[in-house]
Amino acid sequence: MPVSRRFFLTRGAGALSITFLAAPAAGQELAPFDMAALKEGYRRRVTAIKDAGMLPVIDIESSCNPQKLDLAAFARAMDRAGIAQMALSVDVPGSLYERGERWGHHVHDFVRNYPDRFIPVGNGGNHPAWTRHPDTFLDDNERWIAAHRYPLMGEFEFRHYPSPRQFDRGETFRDVNMALDGPAGHRLFSFAEQSGVPFQIHYEVEDGLLPVLAAMLARYPRAKVIWCHLAQVRFAERASRYSPSFVRELLLKHPNLYIDTAFGGPGSVYKPSGQKHARVWNSSGQVDRAWRDVITELPYRFLAAIDIGGDRLDRLEEWTANLRKFLAELPRPARDIVAHGAAWKLLFGEELPP
Ligand SMILES: [Zn+2]
């Protein structure tokens, strides 16, 4: 039996299926995360996956609907996909929000059950909790990120078009447009700067939005920002300035900026525009040389991400395969750095020991 199979059989056996239906506990009853202890488990799992002959992936950006997550099945899928750790944020669904839930503490359950697999990450800033009441969401975010010592905040949607699946379902509520330099944006950047905890943004590529991002990065130079979805351009006609050299200049000018690599496959079309929105790929379906050169030059600024979400929790291996196709086209050592080394350095401030 190949070593990779043996690793997964021994690691994946025996877990019970658990489905979460509601918030597990009040926040005050929960102890802060012990990141020093978790880090040791993370390191061992990264090494075990390497020893099994796979490239370990640390996924910096995925989310879930906690009501739809079968945690044991999900953990087994992580094993099969060679995912060392995931930052799996909770998106409080509308049904729970209507019942009064504002901040979901489910990540504590993920970490308690599978401490070597999950990186504590704050709730996702999305509809309805974030879009309806950004101040309340930020109150909760600041309270729990600090009290429970999260090393990472979730993905805040400032400019977000409906996803392809939402477009198919006719869901337009996710056409989010909040000013990055509005009151909520300033408060978020300021908290990130004071706390040192990185946060993620979903911010579509539009010419008019790019100077705003640059100005905020300059105004809060110690706020660590992960801009999700490298080169995901849904309307090319709105993004005349965005290119590999634009991104390179932005990264060189703003050392506090990171970019995650969650994007669609080479054939993925964004139906509202009819365009292939994952611009990392060239017309032959390979990583465009200019993008590859920027990533190879600045690998610690690019983070592996899968962007699994509440409506595709059972498709983890398929989504990971797309990421792996991209990673496989990067030269070493950039491939290993983007797959796991960059996340490790961002989260722990040190290089991952060999
Ligand atoms: Zn996103």
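Both counts, for ligands and for their atoms, begin at 1 and track the order of listing. For the single chain, residues carry numbers from 1 onward in sequence order. Worth saying up front: this structure is predicted, and the values here are computed from it rather than measured.
Within a 6.0 Å sphere centred on CZ of Arg132, other residues, nucleotides and ligands contribute more than 12 heavy atoms.
In summary, Asp336 and Arg332 engage in a salt bridge, as defined by a charged side-chain N under 4.0 Å from a carboxylate O.
A cation-pi arrangement is not found for Arg45 relative to Tyr42, the charged atom failing to lie both closer than 6.0 Å to the ring centre and inside a 45° cone about the ring normal.
Asn282 and Asp288 form no side-chain donor-acceptor contact under 3.5 Å, judged by distance and modelled atom types alone.
Each protein N, O or S atom less than 2.8 Å from the Zn ion (ligand 1) was counted, giving 3.
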For residues 208-224, tabulate all N or O donor-acceptor pairs below 3.5 Å that involve a side-chain atom, not counting sequence neighbours.
unit_1 : atom_1 : unit_2 : atom_2 : d
Tyr220 : OH     : His186 : ND1    : 2.7

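For Phe302 and Tyr258, the gap between ring centers reaches or exceeds 6.0 Å.
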